[in-house]
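Read the numbers this way: they start at 1 and go in the same order the structure lists the ligands and their atoms.
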Amino acid sequence: MMKQIIYVLTALALLAGCGNKEQKIALDNQNFKYIVEKFADLQILRYRVNGFEELSLQQKELVYYLTEAALWGRDIFYDQNGKYNLRISRALEAIYTGYKGDRDNAEFKALEVYLKRVWFSSGIHHHYGSEKFVPEFSEDFFRKAIATVDANNLPLADGQTVEQLCDEICPVIFNPDLLPMRTNQADGEDLVLTSAVNFYEGLTQAEAEEFYNKMKDPKDETPVSYGLNSKLVKKNGRIYEDTYKVGGMYSPAIEKIVYWLQKAEGVAETPEQKAVIAKLIEYYQTGDLKTFDDYTILWVKDLNSRVDFTNGFTETYDDPLGMKGTWEAIVNFKDMEATRRTETISRNAQWFEDNSPVDKQFKKENVKGISAKVITASILSGALYPSTAIGINLPNSNWVRAQHGSKSVTIGNITDAYNKAAHGNGFNEEFVYSQEELDRINKYADYTDELHTDMHECLGHASGKLLPGVDPDALKAYSSPLEEGRADLFALYYLADDKLVELGLTPDAEAYKSQYYTYMMNGLMTQLVRIEPGKNIEEAHMRNRSFVAHWAFEHGKADNVVELAKKDGKTYVKINDYQKLRHLFGELLAEVQRIKSTGDYEAARRLIEDYGVKVDPVLHQEVLERYKKLDLAPYKGFVNPKYELVKDADGNVTDVKVTYEESYVEQMLRYSKDYRTL
Ligand code: ZN
């Protein structure tokens with residue numbers, strides 16, 4: 001049930017997942033530079049903290065203190081990812097800054113790229129694939145280079161020589177058979193012994209599982225998240241937890257976090273928020289997981305504060321056993337205007353339900369739109385930095401969610417930065433049929449993408465009902481792509497409705513065409529860039545987009561609604577009749593809702609299998625070749641802005657200044673120096 005990080009829902013996913021050429025620098029009308037640099041398979045972007053100036057001085061100060069609390073946890077995440085990571089990154093940084101040889105040397109350049117990748121992953125394994133990086137410089141070069149560096153800057157253990165340090169860390173860097181995976185998920189292997197993550201030491205998977213199974217009480221209806229904040233160690237035959245807390249493991253970092261949280265507590269916006277921060281401090285001081293649950297409950301209920309944050313051991317994806325929380329932090333504040341948009345949508349949920357093309361018996365008499373908050377991130381740290389999610393839904397504890405609810409947010413300024421950076425990356429220029437569609441996309445797509453996502457979330461998933469007696473699990477494996485398709489279709493159908501112009505949600509009656517075009521292009525063609533040759537479509541959101549687009553394409557054939565047109569030997573999506581396409585979306589929405597409401601498994605199976613799974617190998621090949629030529633980076637991350645307190649002569653805080661000048665390298669070296677604790 002760990003669906004806490006939402007990795008986008010619409011065509012945007014593709015844009016966000018694709019990349020940009022670094023030479024084309026995306027600028028907005030205020031000359032904000034969104035693209036920082038590109039190396040390996042990574043692109044570094046910058047996000048803007050829109051609206052920070054509008055916050056009150058107290059809110060700005062609060063953001064500042066929480067930001068410091070976020071940055072002080074940096075070393076924890078490195079160490080959790082692998083116990084050699086901090087020493088390796090420090091040795092590399094010492095070489096990078098102090099190397100006395102030729103810096104244009106190919107091996108030095110390769111070491112620079114390797115270090116940038118280590119920074120990106122907070123360790124020596126790929127942040128997404130989890131496999132260990134292969135350095136493109138030799139061990140011989142590494143040993144020679146480190147010998148030119150001032151030994152005072154090296155992470156030498158007590159009495160250790162530089163030679164001994166190399167003997168210790170070189171095999172970890174250069175031997176591909178040693179610690180090959182950060183998190184091993186391969187079925188049948190001992191996942192604890194074969195994973196490099198620093199969550200377990202000296203014991204097997206069976207021993208770890210037995211340790212925690214003994215703790216669990218099946219009758220406990222409010223269980224704590226066992227093992228979330230500790231390393232499990234076996235020493236001298238004894239198995240025990242080394243808990244992350246003040247006075248325990250990672251104490252030097254946690255003490256700093258607590259110090260800044262205490263400052264934040266002093267400028268909290270509301271008593272509720274003050275209580276949240278106080279409870280988090282108590283948890284960091286005690287390491288008590290019951291206190292952690294209490295903290296998350298207070299956090300979920302704090303809905304009125306403008307500024308919000310998470311700071312702690314949170315997601316458990318990196319632990320092969322799914323128990324240990326990796327440390328992460330984000331500080332943010334509510335984007336009032338964008339949140340008004342989601343509120344407008346939710347407020348009108350009943351109108352949308354009543355007027356949809358769905359058969360009356362499948363409609364909800366009383367529909368309540370889901371209200372999602374749009375936030376502006378002001379700092380990212382730990383597992384959310386530099387690579388981040390665009391939406392977060394917390395907490396993770398199932399019983400807390402069931403009894404107290406959860407907070408669901410989308411991070412508006414991160415999505416915006418992805419969009420801005422994608423402009424001019426050549427992707428749309430390559431795949432869009434003509435200038436007319438391209439102009440429309442450039443004018444509307446950033447906005448209609450967001451609107452589509454909002455409608456998908458706030459209306460689509462909330463609409464419709466099951467007939468009495470229908471098993472909610474009747475559609476089995478087809479339920480997920482069908483459900484995503486239902487939400488997409490609800491949004492697509494209404495994007496073209498006059499009601500949206502009337503509500504001020506779309507600027508004019510043309511805007512929807514941009515979304516229709518990118519949706520069809522994505523579903524029929526361009527999402528195939530993420531599928532390997534010869535493979536079928538598996539992922540639920542991709543199956544959803546595929547079945548929606550292919551169904552509409554096939555059913556509009558008689559009227560030539562959408563065609564796959566050829567130009568200079570290349571294939572393009574061409575939409576000939578946007579209004580008829582809307583009616584097709586409406587027709588399919590009615591059918592998909594019928595399938596869900598009646599639990600018609602066979603119809604669901606046919607729909608997904610006939611339109612959602614298979615790939616045309618010729619078109620696939622063509623799309624892959626065209627995409628490859630664009631040379632786009634598949635993964636992206638962000639540098640943070642820099643915050644500074646402005647004080648008057650008496651030392652009183654008068655303002656908080658935010659600047660965006662720092663480069664990726666400057667920021668990483670600064671963090672490594674200023675926030676070093678472990
Ligand atoms: Zn969805």
Side-chain angles (χ1 to χ4, degrees), residues 1-17 338 341-342 345-346 349 352-353 356 358 362 364 367-375 389-394 396 401 405-412 414-415 418 448-466 472-473 475-495 505 515-516 518-520 522-523 527 530 537-549 551-552 585 588-593 595-597 604 607-608 611-613:
M1 297 307 289
M2 271 173 274
K3 222 185 67 187
Q4 284 65 37
I5 297 193
I6 308 157
Y7 281 107
V8 196
L9 311 133
T10 66
L12 168 69
L14 190 66
L15 291 173
R341 186 180 70 220
T342 57
I345 293 169
S346 289
F352 287 107
E353 184 76 355
S356 88
V358 164
F362 308 136
K364 270 197 184 124
V367 67
K368 203 176 169 311
I370 299 162
S371 224
K373 179 167 86 160
V374 183
I375 60 167
I390 64 157
I392 301 176
N393 186 332
L394 286 172
N396 285 339
R401 293 169 74 84
S406 64
K407 273 192 210 171
S408 180
V409 300
T410 57
I411 313 175
I414 294 293
T415 307
Y418 278 131
T448 52
D449 252 349
E450 278 176 49
L451 185 59
H452 180 274
T453 305
D454 291 342
M455 293 175 74
H456 171 115
E457 293 294 334
C458 301
L459 299 177
H461 284 309
S463 76
K465 67 170 184 194
L466 300 187
D473 299 322
L475 304 180
K476 298 180 191 136
Y478 299 111
S479 121
S480 210
L482 195 94
E483 175 58 17
E484 294 309 322
R486 196 176 73 92
D488 264 1
L489 285 161
F490 202 94
L492 286 167
Y493 177 78
Y494 276 117
L495 269 172
L505 291 169
Q515 189 66 14
Y516 276 28
T518 53
Y519 195 94
M520 292 302 285
N522 188 18
Q527 73 165 351
R530 293 196 281 164
I537 300 173
E538 303 287 348
E539 199 273 329
H541 292 88
M542 292 183 73
R543 284 188 165 189
N544 136 39
R545 293 181 209 118
S546 178
F547 95 72
V548 170
W551 188 95
F585 286 148
L588 183 56
L589 171 61
E591 170 62 2
V592 166
Q593 184 62 57
I595 292 171
K596 178 170 176 177
S597 292
L607 197 55
I608 308 292
Y611 300 101
V613 177

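With H541 as the partner, the side chain to side chain donor-acceptor pair (under 3.5 Å) test is satisfied by one option alone out of R543, R545, E539: E539.
Within the 2.8 Å limit, E484 places at least one N, O or S atom next to the Zn ion (ligand 1). Taking 2.8 Å as the threshold, H541 does not count as a candidate ligand of the Zn ion (ligand 1), since none of its N, O or S atoms lies below it.
The Zn ion (ligand 1) lies closest to atom NE2 when only the N/O/S atoms of H456 are considered.
Taking every heavy atom of both residues into account, V548 and L588 meet most closely at CA-CD2, 4.0 Å.
Using a 4.0 Å cut-off between charged side-chain N and carboxylate O, R341 and E450 make a salt bridge.
Between H452 and Y519, the ring-plane angle classifies as tilted under the 30° and 60° cut-offs.
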